[in-house]
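Inspection log for the structure reproduced underneath, given as structure tokens.
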Amino acid sequence: MSGHAAPAPHVVEDYRGVIQLLSDGTVVRSDGAGAGAALQPPEDFPDVPGVQWKDLVYDDTHGLKLRMYRPPTAGDAERLPVLVCFHGGGYCLGTFEKPSFHCCCQRLASELRAVVLSADYRLGPEHRLPAAIDDGAAVLSWLREQAMSGPGADSWLPESADFDRVFVAGESAGGNMSHHVAVLIGSGQLTVDPLRVAGYMLLTPFFGGAERAPSEVEPPAGAFFTPEMSDKLWRLSLPEGATRDHPVANPFGPDSPSLAAVVFPPVLVVVAGRDILHDRTVHYAARLKEMEKPVELVTFEEEKHLFLSLQPWSEPANELIRVMKRFMHKDEGSNNF
């Protein structure tokens, strides 16, 4: 009996040698030097003195965890806001264990005086969108269960958390996820009572679109994140065959549902001047403002994409944390979304 051997699988998509998608659907991930260079800069990130943290499972079915942080001297009498954080990585990379993001979350817990929940989520191309959005919603559902379970909740939450002051934040893909969580809650598709989500913070969010924005056509000087990198991450994370006008990538695309009826609490949008996503992010904030949503846009003209987690001890990071603190504490108690 004779026959021809099946051709060996070949690479159909390659993201910087870190993720390779083969023709048979196999995904090969690198854990070597290339992965390290893509995931974090080669620096040391010291712990913040006094901040406590521990890992918990929020989704048993998928084995998904979050890391909970609380600031120094969080006492029984003090009720702290809860900050849910989603890391960046183009929906394909990243983890809460990434040293620079771990450092960021410690700083946020300490300097914002908040209980911080930094959640992992499923990544593409193994788990294509909207899997990650579903996981973001699951984090809020887990937190809701914690708020309702009283003595059955993890001990840190009843000791320290103010469930009337929940904020959701994310960087890059995490900022995109924060938007979609806001839409799920604000449209009534996701119930979070008795939690009160008091605001969202989108930090250099990762959006896309089939038509290039001007800052993608002519990238700003010094931008390390390129349109080609963005395109590959969308191809690896969106449903197969989808374009960058998919509603997850482009909230204002031709097939995206209207946001006019969605109830938003205050939204902070942070844009970097040396980011190819600058114009797309400014457009996002402008569209929300046109719909009379309570949106605030803050621009860091000289900074790049992901500047908070890439340089968590820089002066721009210091200033961003001050902006976040002001946002979280302004008009405290006056909004009841």
Side-chain angles (χ1 to χ4, degrees), residues 11-21 27 29-30 34-35 37-41 86-94 98 101 121-133 136 170-180 202-256 269-285 287 299-300 303-310:
V11 176
V12 295
E13 201 70 72
D14 186 334
Y15 185 78
R16 303 179 70 190
V18 178
I19 304 173
Q20 291 184 326
L21 177 63
V27 177
R29 288 182 177 267
S30 169
L39 291 172
Q40 73 172 82
F86 299 118
H87 64 76
Y91 282 122
C92 296
L93 300 164
K98 174 183 169 184
F101 198 72
Y121 49 88
R122 287 172 290 170
L123 302 174
E126 296 93 334
H127 305 283
R128 290 182 177 269
L129 290 160
I133 309 295
E171 192 177 32
S172 190
N176 177 295
M177 186 184 300
S178 298
H179 162 80
H180 288 290
L202 283 60
L203 314 179
T204 62
F206 181 47
F207 291 119
E211 182 179 348
R212 296 287 195 206
S215 58
E216 295 168 339
V217 174
E218 296 185 18
F224 74 90
F225 189 55
T226 67
E228 293 73 25
M229 293 165 67
S230 175
D231 292 352
K232 283 192 176 185
L233 290 169
W234 284 125
R235 287 198 297 269
L236 288 166
S237 61
L238 288 171
E240 290 189 51
T243 73
R244 296 190 303 274
D245 274 336
H246 186 280
V248 171
N250 186 357
F252 304 108
D255 298 320
S256 299
V269 179
V270 174
V271 61
R274 298 184 182 276
D275 185 359
I276 63 162
L277 300 177
H278 173 277
D279 291 0
R280 193 171 293 283
T281 305
V282 170
H283 176 72
Y284 167 83
R287 289 293 300 270
T299 302
F300 286 74
E303 301 313 309
K304 303 175 184 178
H305 193 65
L306 288 167
F307 70 90
L308 175 61
S309 65
L310 288 179

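One-based numbering along the sequence shown.
Annotation for Ile19 and Leu236: closest pair CG2-CD1, 4.4 Å, computed over non-hydrogen atoms. Pro239 approaches Leu129 most closely through the heavy-atom pair CG-O, 3.4 Å. Contact detail for Gly89 and Ala173: the closest heavy-atom pair is N-CB, 4.3 Å. Shown here for Arg29 and Pro125, the closest heavy-atom pair between the two residues is NH2-CD, 4.1 Å.
Ring centroid separation for the pair His179 and Tyr284 comes in under the 6.0 Å cut-off.
Taking the side chain as every heavy atom from C-beta outward, Pro251 and Ser256 never approach each other to under 4.5 Å. Within the 4.5 Å cutoff, side-chain heavy atoms of Arg212 are placed close to those of Pro227. Under the 4.5 Å side-chain criterion, counting only non-hydrogen atoms from C-beta, Trp234 is not in contact with Asn250. Using a 4.5 Å heavy-atom threshold, the side chains of Tyr15 and Cys92 count as separate. Side-chain contact check for Phe207 versus Leu202: some heavy-atom pair is nearer than 4.5 Å. Thr204 has its side chain out of reach of Val271: every pair of non-hydrogen atoms, C-beta onward, lies at least 4.5 Å apart.
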* Derivation and outcome, side-chain contact (heavy atoms from CB on, under 4.5 Å), residues Thr281 and Val269 -> CA-CA 8 Å; Thr281 305; Val269 179; 3.4 Å; yes
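The backbone N or O of Ala213 lies less than 3.5 Å from a partner atom in the side chain of Glu216, making a donor-acceptor pair. Checked by atom type and distance alone, the side chain of Asp275 never pairs as donor or acceptor with a backbone atom of His278 at under 3.5 Å. For Ser215 (side chain) and Asp279 (main-chain N/O), a donor-acceptor pair under 3.5 Å exists by modelled atom type. Listed for the Arg274 side chain is no donor-acceptor partner under 3.5 Å among the backbone atoms of Ala223. Arg244 places a side-chain N or O within donor-acceptor distance of the main-chain N or O of Gly209, the cut-off being under 3.5 Å. In this structure a side-chain-to-backbone donor-acceptor pair under 3.5 Å is missing from Asn176 to Pro205. Checking side-chain atoms of Lys232 against main-chain N and O of Glu13 turns up no donor-acceptor pair under 3.5 Å. Glu171 contributes a side-chain N or O that, together with a main-chain N or O of Ser309, makes up a donor-acceptor pair within less than 3.5 Å. For the pair Arg287 (side chain) and Phe252 (backbone), a donor-acceptor distance under 3.5 Å is absent. Although no hydrogens or angles enter the test, the distance criterion places no donor-acceptor pair under 3.5 Å between the side chain of His87 and the main chain of Gly170.
Ring geometry for Tyr91 against Tyr121 counts as perpendicular: the plane angle is over 60°, on a 0 to 90° scale with 30° as the lower cut. Relative orientation of the Phe206 and Phe225 rings is perpendicular, given thresholds of 30° and 60° on the angle between their planes.
Rounding to the nearest 0.5 angstrom, the gap separating the CD atom in Gln20 from the OG atom in Ser30 is 8.5 Å. For the atom pair CG (Leu238) and OG1 (Thr243), the distance works out to 8.0 Å, reported to the nearest 0.5 Å. Taking CZ of Arg280 as the reference point, atom CD1 of Ile276 lies at 9.0 Å (rounded to 0.5 Å).
The environment of Glu126 atom CD is dense: over 12 non-hydrogen atoms of other residues, nucleotides or ligands sit within 6.0 angstrom. Counting heavy atoms of neighbouring residues, nucleotides and ligands inside a 6.0 Å radius, atom CD of Glu240 does not exceed 12 of them.
For the 3.5 Å distance criterion, the side chains of Ser172 and His305 qualify, holding a donor opposite an acceptor.
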